[in-house]
Amino acid sequence: MNIDPRVRIGPLVLSNPVGVASGTFGYGAEYEGLMDLGRLGAIYTKAVTLEARAGNDAPRIVETPAGMLNSIGLANPGLEAFVARKLPELRRLSTSVIVNVAGSSEADYLRVVEALEEAAGPWSPRSGAGGATGQEGATGVDGYEINVSCPNVAHGGLAFGTDPAQVERLTRSLRAATRRALIVKLTPNVADIVPIAKAAEAGGADAISCINTLVGMVIDTRTKRPALARGTGGLSGPAIRPVGVACVWKASRAVGIPVIGLGGIMCADDALQYLLAGASAVQVGTATFVDPRAALKTLEGILAWMEGEGLAGIGDIGALFGRS
Amino acid sequence: MNIDPRVRIGPLVLSNPVGVASGTFGYGAEYEGLMDLGRLGAIYTKAVTLEARAGNDAPRIVETPAGMLNSIGLANPGLEAFVARKLPELRRLSTSVIVNVAGSSEADYLRVVEALEEAAGPWSPRSGAGGATGQEGATGVDGYEINVSCPNVAHGGLAFGTDPAQVERLTRSLRAATRRALIVKLTPNVADIVPIAKAAEAGGADAISCINTLVGMVIDTRTKRPALARGTGGLSGPAIRPVGVACVWKASRAVGIPVIGLGGIMCADDALQYLLAGASAVQVGTATFVDPRAALKTLEGILAWMEGEGLAGIGDIGALFGRS
Amino acid sequence: MLQFDAQILGNRELAPGWKELVLRWNGAAGHPHAGEFLTLRVSSALDPLLRRPFAFASFHEDPDGASRAGILYQVRGKATRILADLGTGAFVDVLGPLGRGFPDAAQLEAEGSRPLLVAGGVGLGPILFLAAQLEAARIPASAAGPALIVAGFRNSAAIPRAGFPAGTVTCTDDGSSGYRGTVLDYLSRELPPGNWRLMACGPAPMLAAVATLARARSWEASLCAEQWMACGVGACMGCALPVPGGASFLRACVDGPVFGRDDIDWGKEGGGR
Amino acid sequence: MLQFDAQILGNRELAPGWKELVLRWNGAAGHPHAGEFLTLRVSSALDPLLRRPFAFASFHEDPDGASRAGILYQVRGKATRILADLGTGAFVDVLGPLGRGFPDAAQLEAEGSRPLLVAGGVGLGPILFLAAQLEAARIPASAAGPALIVAGFRNSAAIPRAGFPAGTVTCTDDGSSGYRGTVLDYLSRELPPGNWRLMACGPAPMLAAVATLARARSWEASLCAEQWMACGVGACMGCALPVPGGASFLRACVDGPVFGRDDIDWGKEGGGR
Ligand SMILES: Cc1cc2nc3c(=O)[nH]c(=O)nc-3n(C[C@H](O)[C@H](O)[C@H](O)COP(=O)(O)OP(=O)(O)OC[C@H]3O[C@@H](n4cnc5c(N)ncnc54)[C@H](O)[C@@H]3O)c2cc1C
Ligand SMILES: Cc1cc2nc3c(=O)[nH]c(=O)nc-3n(C[C@H](O)[C@H](O)[C@H](O)COP(=O)(O)OP(=O)(O)OC[C@H]3O[C@@H](n4cnc5c(N)ncnc54)[C@H](O)[C@@H]3O)c2cc1C
Ligand SMILES: Cc1cc2nc3c(=O)[nH]c(=O)nc-3n(C[C@H](O)[C@H](O)[C@H](O)COP(=O)(O)O)c2cc1C
Ligand SMILES: Cc1cc2nc3c(=O)[nH]c(=O)nc-3n(C[C@H](O)[C@H](O)[C@H](O)COP(=O)(O)O)c2cc1C
Ligand code: FES
Ligand code: FES
């Protein structure tokens, strides 16, 4: 059986469903020596904000049972440096690049997207119609992932992501600014993810991704202080996988646009849980820290499983759900 | 140094801060052969509902990374059988018994509490003023834990627990029905636990307990169905501990009443994180499945730590927070 | 039921993916009956988290008063992989004996029927233990005839070197050893007529089929069910098995794991070894 | 930097709670310089989850082209307890070499100063590796005098049998072996005058004190910092260390772990070995 591993997200066709999650892969270069980046379905960059951010005080990470907390605080070089130093590198890649965007206000987000539209120029798919398997004509930016769900910044971040009206308005204003793939990244720190997912869809998003991290805290009983300088942080890793799968299962039944699933994916079986739950694609985050090749192994495992099940396309996976 | 391990929750004085969590210890008898139940600070019973409930279809549990999902569905013999068969056993215990109450409507909760008030008679502390170290005069019910946060039932449950107005109204009506300790158990499945905690306080609760389980799902990629018959379940165990500590840290800063911390406590260090974060007492849940003696070991470890730190009372632990 | 640390006396391979664990501990935690089980915590790490249930496959009291118990297990996932790597001398945390086992020798004697012991997959351990206990109680000598043991395997290579009693019928799917066909094929086609009394342990589909057959032939039957367990002691309501009609549930860990033919809706069990 | 499976050649105890791990792998992943490190995944379980960083304490290329690396480690928590239990022949997943190490021999030669190597706690491994590398490059023979190694321990029992170069000054808090006092006591009170060039690795408070002393005496200093790490390759921004003034951060894993005296606000470091 010939498997077609491609996945469509709005105007963009990803070469396969497995990407690497924002904040866990830098801007790609860090892992270049360890793997062929071209085999990734997409690279979701570390968040880009209008101004450079030094990030939160140290320590910023601590391990938890089957997980970790981080309070990086969106440390990034800022829009200008991103355009000057990272964009040229991203143009060279033969994989789709989704720029993760964060801000403290609607205007912030809009200015980042507008500036990137200008810097990258009008989008054209990397080699061939909608394909992402070459770099010819690449603009360096194949889409945006709007981070309205970061628990680690004082303003904006999580506050946006828990209010459907704000999510819809923000999405609509960004939609007007770009024809590239527009993905809204949702937080699990809500009573019900459905209204937020619907708001993103109503605002014109091409897809939603979920989940971002859960708010958590570790206290060092020796120092009697939080292990992270900032107090709370975002919980990621296999510990949160069941929460992510439940969110994707609910959200994918509520919206018509693709859902990109992430949270605790360590291997193909984990990714398949997301795809069976209704995700169209997945991202591998914390697992890359544990095994730099986790994303590629996940992809191989998905393809092997599809072969065993006799499936031709990624979309066929979700159709199997509940029909054993 | 003489350590006084007692903790006051409204009218009730617990003999020590470590209880066993609702749903993980039955009504006490199951673990009687394995330990001295009198050394527990409190037993929080499995939920009692107005009518008997068979519970959800099987399978009801599945393991997850450093955690487990359950969808027991509040299986319990119902109010009448509880009064007839369990209450006499609970009277015999020389530890405080907090009856966990659940329902599908405000009226349900109220009828359970009213019926238990009548069956148990006016509360008198077990042996001595407010003490819980004897069974003399015990009524079998030393307080109520109101479960407005169960993710595993179709009606009520989680819906109550995410709406501050409903939590306040329910608490107020139960407050009018009992002078026993009234504890409201909160869910972490909200954007912000603070308004819910404040609502419970405003309604007259003597304490809040948090957290209940997080909504999660595991899919069996072999059968392509959820591992749990009901689909989603409640995530518990060490995986969720950072979420619980963060909730307790936030809630305890927002209310003046005691906060009882739980979620993933496996050992004394975990419990101390909760106590440092602002909890007045803790509950051990899933850990009991892993090691039936986990609660007692946790208590011993807390007392040893207090000795090392030269602390006299449980309340002194939280005072150390951030002051290393 | 007690919780204690037991030392590993042996952990040898019986066939690819099949091992026998022998545990020893001081003092008595109660003499287990076939069908009863213990739960093990295989490591102090938090993943895997929960204890794992295993049925007793043998039990002895040593002259010095120490207890010695064996389990036969298959390497399946995280916990059994860790268990398989543990060496002699290591300690594991044990809780047991737990649950209700098969009817005891006295009861079978009173019934006067002929014991038919059926094992599939990881159900082998408790069935061999039951055979040994009946042998010790001389049940094979009872009026209705000696106990018959029927055990099913995929092929001859998958048969563990577990010391089967003489006369055991082994069935293999491919006929590479013993009877060619499943245990169920044997029972429905080859079983000599008699006043049979069925006792079975194995995967859920096998149990469901065996229960149906037993009903059709009007045999008494005791079947050992499996279900995911959290506590193992009746406290969590996690190991529920539906009773026929589905209006209520029994707990595998304390109401079972051995149930009568009509106690459980075997077709809906979900778990299964 | 490469990721590969390495086989354990040795894992012996050097003192209570101190062990030396020797790893061997085929092919070259690059010859590490003292101060550089690798990260290990000690088990495939999900708890502990993250890889753990350890500094190279030795490195050899075998005649057959295989690489052999040693690390000295202290058993502290979950991961190092698991590591301590691994036997010869087992495989571990290695990522390395990572980070920037101490200044190399050529640079020290050019400076013409006298190397002063200071170790505390788990900083011992990289300092012994540095001593060996300087020795191999004949730096002790440089104009300003031979390298001096000062290593601090709690007491004589806590000193690992790690093969210290001749002339190493060992300090113990209780005077049970060598100099009585901390490494810092030795440096500030006993150090012969000279044109010293400090290279230190140890717990955060020691590094902070050493940096202060170096500033006061106007010594050049390279200090090896520690911080919690997630990725180890510069991607996660997790291992941030504050630069003086606090307006920005450097990453321990790729900008360090070895930093110049004034690169980092040592007092605020947070981590520390
Ligand atoms: C009362 C009882 C007695 C048992 N006796 C034995 C025995 O004597 N020998 C033996 O080898 N095994 C026995 N088992 C099964 C044994 O408990 C499981 O094989 C073991 O828990 C698997 O753990 P794991 O981490 O290796 O595999 P996991 O990774 O947990 O699971 C591997 C596979 O096994 C299935 N599985 C695991 N545990 C269960 C369960 N409790 N119910 C249903 N499916 C499960 C899962 O669906 C999964 O596909 C018994 C189970 C019960 C309930
Ligand atoms: C660049 C670098 C090089 C290192 N080289 C060595 C070495 O050569 N030999 C050696 O024994 N150790 C070394 N370490 C420290 C080693 O990584 C930790 O001791 C190890 O990760 C502890 O893991 P654990 O699971 O056993 O302990 P954990 O349970 O993770 O922690 C135990 C205790 O150690 C502390 N701790 C653990 N890891 C760190 C960390 N990265 N930063 C600060 N505190 C920590 C924790 O606060 C905790 O109190 C190095 C660390 C770094 C960053
Ligand atoms: C160190 C770290 C940094 C992160 N930074 C970002 C970020 O900048 N933007 C964002 O949207 N998500 C960020 N995330 C969240 C991840 O993209 C992902 O949503 C989350 O970690 C859950 O997936 P995982 O369990 O596979 O890691 C970060 C996560 C980690 C661990
Ligand atoms: C099997 C099981 C059954 C539970 N039943 C109840 C219940 O009836 N009422 C309730 O308030 N909480 C119930 N809980 C939630 C626990 O009391 C506790 O809030 C949660 O498990 C988190 O704590 P833990 O991580 O220590 O287990 C149940 C949890 C489990 C695992
Ligand atoms: S496993 Fe808990 S009730 Fe059976
Ligand atoms: S550990 Fe990830 S950037 Fe240093």
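In the text below, chain A, chain B and the rest are named by the order of the sequence lines, each starting its count at 1.
- Under the 4.5 Å side-chain criterion, counting only non-hydrogen atoms from C-beta, C/Cys231 is in contact with B/Tyr31.
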Practice item. Evaluate side chain to side chain contact (heavy atoms under 4.5 Å, CB included) for B/Thr64 paired with C/Leu49, printing each intermediate quantity in order. Key: CA-CA 8 Å; B/Thr64 69; C/Leu49 182 67; over 6 Å; no

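- Separating the CE atom in C/Met237 from the CG atom in B/Asn76 is a distance of 9.0 Å, to the nearest 0.5 Å.
- Counting heavy-atom pairs closer than 4.5 Å to chain B, the top residue among C/Met1, C/Arg51, C/Gln3 is C/Gln3.
- When all heavy atoms of B/Ala54 and C/Ser248 are compared, the closest pair comes out as CB-CA, 4.0 Å.
- A distance of 5.5 Å separates CD1 in B/Ile72 from SG in C/Cys236, rounded to the nearest 0.5 Å.
- Scanning residues 286-298 of chain B against chain C with a 4.5 Å heavy-atom cutoff picks out B/Thr286, B/Phe289, B/Val290, B/Asp291, B/Pro292, B/Arg293, ordered by number.
- Heavy-atom pairs under 4.5 Å with chain C peak, among B/Gly67, B/Ala227, B/Pro65, B/Gly237, at B/Gly67.
- In this structure, SG in C/Cys253 is found 9.0 Å from CD in B/Glu30, a value given to the nearest 0.5 Å.
- If you measure heavy-atom distances from C/Ala247 to chain B, the contacts under 4.5 Å come from the backbone alone.
- For CZ of C/Arg100, the number of neighbouring non-hydrogen atoms (other residues, nucleotides, ligands) closer than 6.0 Å is 12 at most.
- What you find for C/Gly238 and B/Arg60 is that their closest heavy atoms are O-CB, 3.6 Å.
- The side-chain heavy atoms of B/Glu63 and C/Arg52, taken from C-beta on, include a pair separated by under 4.5 Å.
- With values rounded to the nearest 0.5 angstrom, C/Trp228 atom CH2 is found 11.5 Å from B/Leu69 atom CG.
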